Amino acid sequence: CKVAGNFWRERSCVVCVFLSVLPGKMMAQQVNSPPMKRPRAARDAEEEPDSSEGFRFSQEPTLDQIRAMQNHFARERDWDQFHSPRNLLLAMVGEVGEVAELFQWRGEVKEGLPDWSEKDKKHLSQELSDVLIYLVRLAEKCHVDLPAATVEKIKLNKQKYPAHQVYGSSKKYTEYATPEKNSS
């Protein structure tokens, strides 16, 4: 695939399917565009290896590709007029409520949801996707570079929660003794 690269290995490329319905000129621009230089934030995120075992997200589509797909979807329907930051936030909160409803009354849920039906897992994936779509759209409307902001936030959290000090604890960072607190 010249647009999205290797996508989910043997599955069809969602980005290509999406782009195939766009006007030919736009498709040609996407295919003929030079590869984008990866932002510093993306390179920084790769400095530390992912030690998680098992589950991983797909590499494609990227958040920016999701942003572009949703932007096109909304404009095609003239919904951009309704997508103010406030409205998007309230819609996202509603979707988070729908995710919470799926977990309500289930007690603790094991990682990977082994006790859930395929129907329930599919419903969860759709509701989580709604949350992500609204989050990405809200970030776009607020001009927040979400991947870069996320990398910065993780760096800040590393400072607020040094592993050697907080390991195995769920306390808030304000509950830990820090050099600044001890000197005042």
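Quantities reported herein were computed from a predicted structural model and do not represent experimental measurements.
- We find the CG-CE distance between Asp64 and Met69 to be 10.0 Å, quoted to the nearest 0.5 Å.
- With rounding to the nearest 0.5 Å, the separation of NZ in Lys160 from OG1 in Thr174 is 9.0 Å.
- Closest non-hydrogen pair, Lys171 versus Tyr161, comes out as O-CE2, 3.7 Å.
- Pro85 approaches Leu138 most closely through the heavy-atom pair O-CD1, 3.4 Å.
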Task: Steps toward salt bridge (Lys or Arg N to Asp or Glu O under 4.0 Å) verdict (Lys141, Asp80) - done: CA-CA 10 Å; Lys141 291 295 183 176; Asp80 205 44; 2.7 Å; yes
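- Looking at Leu132 and Leu63, their side chains come closer than 4.5 Å, going by heavy atoms from C-beta outward.
- Atom NZ of Lys121 and atom CG of Leu128 lie 13.5 Å apart (nearest 0.5 Å).
- The side-chain heavy atoms of Arg106 and Asp120, taken from C-beta on, include a pair separated by under 4.5 Å.
- Counting only heavy atoms from C-beta outward, the side chains of Arg86 and Leu90 approach each other to under 4.5 Å.
- To the nearest 0.5 Å, atom CD of residue Glu60 and atom CD1 of residue Ile66 are 10.0 Å apart.
- Shown here is Lys122, whose NZ atom has no more than 12 heavy atoms of other residues, nucleotides or ligands within 6.0 Å.
- No side-chain heavy atom of Asp115 sits less than 4.5 Å from a side-chain heavy atom of Val109.
- In this structure, the side chain of Glu152 does not engage the main chain of Ala149 through any donor-acceptor pair within 3.5 Å.
- The shortest non-hydrogen separation linking Ala74 to His83 is CB-CE1, 3.8 Å.
- In this view, Phe103 and Trp116 satisfy the ring pair (Phe, Tyr, Trp, His ring centres under 6.0 Å) rule, not counting sequence neighbours.
- Here Glu127 contributes atom CD and Leu102 contributes atom CG; the two are 6.0 Å apart, rounded to the nearest 0.5 Å.
- Atom CZ of Arg77 sits in a crowded spot, with more than 12 heavy atoms from other residues, nucleotides or ligands closer than 6.0 Å.
- Note on Ile133 and Leu146: separate hydrophobic clusters, where clusters join Ile, Leu, Val, Met, Phe, Trp and Tyr whose side-chain heavy atoms are under 4.5 Å apart, directly or indirectly.
- Closest approach of Asn71 and Glu140 over heavy atoms only: ND2-OE2, 2.7 Å.
- Considering all non-hydrogen atoms of both residues, Glu95 and Asp130 come closest at OE1-OD2, 3.1 Å.
- Annotation: the span from Trp79 atom CH2 to Gln70 atom CD amounts to 8.5 Å, rounded to 0.5 Å.
- For the pair Val96 and Val131, the tightest heavy-atom approach, listed with the atom from each and the gap, is N-CG2, 3.8 Å.
- No more than 12 heavy atoms of other residues, nucleotides or ligands shown are found within 6.0 angstrom of CD on Glu101.
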